[in-house]
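What follows is a short report on a single structure.
Chain naming here is simple, since letters A, B, ... match the order of the sequence lines and numbering starts at 1 in each. Keep in mind that what you see is a predicted model, and the values were worked out from it rather than measured.
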4 protein chains.
Amino acid sequence: MGKKQVPSLVKDERLISRRRAQIVKAAVGLFNEKGYHKATTREVANASGFSIGTLYEYIGSKEDILFLVCDSVYDEVVRKWEKLLDSNLRGLERLRQVIESYFRVVDDLQDEVLVMYQETKSLSGEALRYVLEKEIRIKDVFEKELINAREEGVLTMDDRQLSLAAHHILVVGQMWTFRRWAVQKEYSVDEYIDYQLRQLIYGFGVNEQAPDKQPVPQKEE
Amino acid sequence: MGKKQVPSLVKDERLISRRRAQIVKAAVGLFNEKGYHKATTREVANASGFSIGTLYEYIGSKEDILFLVCDSVYDEVVRKWEKLLDSNLRGLERLRQVIESYFRVVDDLQDEVLVMYQETKSLSGEALRYVLEKEIRIKDVFEKELINAREEGVLTMDDRQLSLAAHHILVVGQMWTFRRWAVQKEYSVDEYIDYQLRQLIYGFGVNEQAPDKQPVPQKEE
Amino acid sequence: MGKKQVPSLVKDERLISRRRAQIVKAAVGLFNEKGYHKATTREVANASGFSIGTLYEYIGSKEDILFLVCDSVYDEVVRKWEKLLDSNLRGLERLRQVIESYFRVVDDLQDEVLVMYQETKSLSGEALRYVLEKEIRIKDVFEKELINAREEGVLTMDDRQLSLAAHHILVVGQMWTFRRWAVQKEYSVDEYIDYQLRQLIYGFGVNEQAPDKQPVPQKEE
Amino acid sequence: MGKKQVPSLVKDERLISRRRAQIVKAAVGLFNEKGYHKATTREVANASGFSIGTLYEYIGSKEDILFLVCDSVYDEVVRKWEKLLDSNLRGLERLRQVIESYFRVVDDLQDEVLVMYQETKSLSGEALRYVLEKEIRIKDVFEKELINAREEGVLTMDDRQLSLAAHHILVVGQMWTFRRWAVQKEYSVDEYIDYQLRQLIYGFGVNEQAPDKQPVPQKEE
DNA sequence: TATGAATGAGTATTCATTCAT
DNA sequence: GATGAATGAATACTCATTCAT
């Protein structure tokens, strides 16, 4: 996957990186506050600390700003994951930690994730495909972990349920941001992580001794 | 909760309802296709089958259109639920059916839900509060069902986990729309409902005989 | 001067008069409050007590409303003058009373005069000409009175100064309305009439015994 | 009186002045021709020699254009007065010249004064207050001159008549523009000034030997 | 490289007027 | 005669983008 290129009139790569980091930071703040469409490029330029002309030395269009934001979030998520994924933890505990780690990154990058989450749809064509592909990559990480867990005998899930579960984990993470108006009023991150991990792993906690108990209908394989 | 009033210059209430239904239908299509911000009021008017002047006889501002869309979705969800919630089904089966019913409404009203879901944040002030309140009402329905189930001895969950679980169900439903680019490519609605119900109720299906098995740490942990 | 015709779809002349009186009354209030351009025909219709459709049964265009207002003011001014002009008062006292009478009509019809005064320029073509012609007619009344006074030996003014003086009287009357923000705060009508009559008749009250006294430079005839 | 600020997106103050002068000039022409309400911002921009976007770099709203026009008129009136008011002319001759000077400025800036005069009422809130305050300032100049003249023994007028006379002078000046359809057809500026000065100073030129002669009822009546 | 003035296509909204009922 | 729903031309204002300095 060739990194979708955002055009720049400037040659110095180091400068480009620095300026774009400024832009992303400023943009995340603004996009969160007023939304991508209501935030103007002028405002982004100002908040970035330079003029509108300079802004356009480092991007080709407003959409590129949004793309840069999305792109940076994924990079950060992946970066924060690296150490953990390399560890030799195994079994349910490993799964638990991988998920928790992701949840914490989402919490740290809350504003960024929220922007990415709510405004991605405004990207068009190539940029959209690129961002969705990155999202799939993250999903793939979860899927791989779930497969590992299954191979270790911890879980019983067929392939397709497992793939869906991977999506599910991703969404439960994002939910911490896009429903923060409700959820973050009632729960701390720690509580949220605790409860949602239990929910993911054990479900509603069905009481098997209940009157209408019924065997867990796992794919009868 | 007084229904937030959308102003109209027209007096005939029946006509207002009819025209607004046209508007909502047209708007859902357009908003899905190009997003709320990129769709113009003129396009909405044309797609509704009348002129821009007429459009403004039935709404006060573009935002009102978005509000009407959101409002209509909730009404429909609640309407489709009515019979079921009055039935005398009980226990896990009732819970299952309530959730499934919701999932199916979301599937039916896919476009509407997606719009509501992705553009709600563009509402401002009163309208936003009103829509979020309706969302809470739906969450309350799930919460009440979960409480009933617990009282019948089917579930073991403390109050706060239960509240979060209610949010969770809601999101899993919406997820069918906002991740349709991935999920609907791989699963039919029936499959989706089947898998997600299992996921919600039983979690990852932890194998209690697995090496690192550990007791389900419900509540009394 | 053929009365400029305002078209009506209605036949009954008596009804037309009644409705138009309603329209004028409503319009004067609205035009004063918000100005001719910001007042809408809908508002005029409502304030008149009937529907927009009905309004257009009695006028041909919005401009006609303005015209009707202007027209009615002149009629009223002339009507109120009738008795006085027929009296056999003579000399300075007659002049005084004719002017005072005009000032009082302006005070009575303040809102109407102000509208006419400030919005006349928005009339176009025929209507404008008609209204200006009526204004000239009023000026002619003053001119005639001044001429009479001169013939009685009360005044010494040549024809051209006299014509200008007639305009002047007219404007001093209107000034009571269009500068009411300043003048009506400081003076009662009675005071205003008293002071302005003196001003008109005797000017600044030049002290003939003053050091730099100089003979009144009336046209040295 | 803090100068009401008209907002601009441009930083170069010199450029702002230059562009605004262009705008005022163009606007005066257009507003005279079609009136403030019927002239569009686009027309103003075109007549100013730049695009609509550029126009809005120098003003915040259409109303600001009107305000700039009014503001510039007062500045010009005051500027043209400066030398004269500092002169050591005294007595009736001074009064005469101050008034004449004002009349000539009004004649020079005819279009501007007319616009200001007829459209001021369309200003709202702060801008209106500001413009009326400037008008009062000009009136104050006349009032001060009248007081001086009285102190020099040239005039006999009480304070309140004198204040009204100041308003009067102002209106007689403006009248040259707002009744130009009639007055300028009959008189040259020079004539107008001559006649109106006489009218202001000596009134109708009452013949003291006339039959019904009565003592000039100045003040001590 | 950086700046910021200029651009003009684009957009929500208004409102005089018409006409079928 | 009265009504009021429908119309669409018109208009103030915004904002992404360019380019000369």
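The environment of NZ in A:Lys121 is crowded: more than 12 heavy-atom neighbours from other residues, nucleotides or ligands sit within 6.0 Å.
Classified by interplanar angle (parallel below 30°, tilted 30° to 60°, perpendicular above 60°), the ring pair C:Tyr58/C:Phe50 is tilted.
The stretch residues 11-18 of chain C touches DNA chain F through C:Lys11, C:Asp12, each having a heavy atom within less than 4.0 Å of the strand. Using a 4.0 Å cutoff on non-hydrogen atoms, the parts of residues 24-53 of chain C near DNA chain F are C:Phe50, C:Ser51, C:Ile52, C:Gly53, ordered by number.
Remark: DNA chain F takes part in the stems E:2-21 with F:2-21, each of 3 or more antiparallel Watson-Crick or G-U pairs, criterion distances under 3.5 Å.
The side chain of D:Tyr56 contributes no N or O atom lying less than 4.0 Å from OP1 or OP2 of F:dT14. Dashed line: the shortest gap from a side-chain N or O of B:Arg19 to OP1 or OP2 of F:dA6 is under 4.0 Å.
With a 6.0 Å cutoff to the six-membered ring centre and a 45° limit on the axis angle, C:Lys62 counts as a cation-pi contact of C:Tyr36.
Each of B:Tyr58 and D:Ser61 was matched to the nucleotide of DNA chain F holding its nearest heavy atom; the match closer to the 5' end belongs to B:Tyr58.
C:Leu9 comes within 4.0 angstrom of nothing in the nucleic acid, heavy atoms only.
A salt bridge links A:Lys34 with A:Glu43: the closest approach of a Lys/Arg side-chain nitrogen to an acidic carboxylate oxygen falls below 4.0 angstrom. Ion pairing between D:Arg19 and D:Glu57 fails under the 4.0 Å rule for side-chain N and carboxylate O.
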